[in-house]
Amino acid sequence: MAISQTIETLVMPRSTKQLGDEYQELMYHKSSTVTAALVPLFSVLAGAILAWSLDGSQSLLALVAFLPAVVPGLIGSLWLKNYVPRPALTWRDTHPMLLAVYAVLTVVMLVGIAVRMGSSSFLTGAVAGAVVAVFLVPVIAKRTRKRDEDRLNAQYSD
């Protein structure tokens, strides 16, 4: 059994039992969506703080702050693909203020790591990687959604 299904059997019944009716369950899931949207923001904030707090190459440990956002997100995405196509990310659907906060915190973190390490080459590589990711992530997400749609349509058309 895949890890996403194992976690589903552990998590979903618990939250359902704690709630009284369908409305409460709907609102709980909406609250979880808000939480899921904010976790990456706070991960970047933690990374920025760590980048400036740790000395030398230890400042690279600031990147570990992304694990609590990325790993559960990947597991949730793997679970979701069994039921519906995963969403296609588009930057235009994200509030400009949220994008600005992400950008500022990311720059603060990357500059902090570069300064604490004394390495401008790290900053150059990190900025190049971030720029590439900004353009590639929506393309990859769109392709992933299309593959999910095709797979689910084939699965349910049999």
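From a predicted model like this one, the values you see are computed outputs, not experimental measurements. Reckoned from all heavy atoms, side chains included, excluding hydrogens, waters and symmetry mates.
Of the possible polar contacts, none joining the Ser77 side chain to the Gly73 backbone as a donor-acceptor pair under 3.5 Å is found. In this structure a side-chain-to-backbone donor-acceptor pair under 3.5 Å is missing from Tyr28 to Leu19.
Cluster partners of Trp91, using a side-chain heavy-atom cutoff of under 4.5 Å among ILVMFWY residues and allowing indirect links, are Leu89, Leu99, Val134, Val137.
Nearest heavy atoms, Tyr102 versus Ala37: OH-O, 3.4 Å.
Here Lys81 does not pair with Asp148 in a salt bridge; the nearest charged N to carboxylate O distance is not below 4.0 Å.
Both Phe135 and Leu110 are assigned to one and the same hydrophobic cluster, defined by single-linkage of ILVMFWY side chains at heavy-atom distances under 4.5 Å. In the hydrophobic cluster analysis, where Ile, Leu, Val, Met, Phe, Trp and Tyr join through side-chain heavy atoms closer than 4.5 angstrom, Leu50 is grouped apart from Met117. Hydrophobic clustering (ILVMFWY, side-chain heavy atoms < 4.5 Å, transitive): Leu78 and Val39 are in distinct clusters. Residues Val11 and Val34 fall into different hydrophobic clusters, defined by Ile, Leu, Val, Met, Phe, Trp and Tyr side chains chained together at heavy-atom separations under 4.5 Å.
Qualifying side chain to side chain donor-acceptor pair (under 3.5 Å) partners for Thr33, counting only residues two or more places apart in sequence or in other chains: none. Partners of Val132 according to the side chain to side chain contact (heavy atoms under 4.5 Å, CB included) rule, which considers only residues two or more places apart in sequence or in another chain, are Leu136. Partners of Lys30 according to the side chain to side chain contact (heavy atoms under 4.5 Å, CB included) rule, which considers only residues two or more places apart in sequence or in another chain, are Leu26, Met27. By the salt bridge (Lys or Arg N to Asp or Glu O under 4.0 Å) test, Glu149 pairs with Arg145, sequence neighbours left out.
Considering CZ of Phe42 and OG1 of Thr35, their distance stands at 10.5 Å, rounded to 0.5 Å. Here the CG-CG distance, from Leu38 to Leu45, works out to 11.5 Å after rounding to the nearest 0.5 Å. Note: Glu22 CD to His29 NE2 = 11.0 Å, rounded to the nearest 0.5 Å. A distance of 7.0 Å separates CD1 in Ile140 from OG1 in Thr144, rounded to the nearest 0.5 Å.
The number of heavy-atom neighbours closer than 6.0 Å to CZ of Arg143, taken from other residues, nucleotides and ligands shown, is 12 or below.
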Side-chain donor-acceptor pairs under 3.5 Å in residues 54-71, sequence neighbours left out?
unit_1: Asp55; atom_1: OD1; unit_2: Arg116; atom_2: NH2; d: 2.6
unit_1: Ser59; atom_1: OG; unit_2: Gly56; atom_2: O; d: 2.7

Exercise. I would like to know whether Trp52 and Val108 meet side chain to side chain contact (heavy atoms under 4.5 Å, CB included); could you show each step before the answer?
Key: CA-CA 9 Å; Trp52 286 96; Val108 168; 3.5 Å; yes
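The side-chain heavy atoms of Tyr156 and Leu152, taken from C-beta on, include a pair separated by under 4.5 Å.
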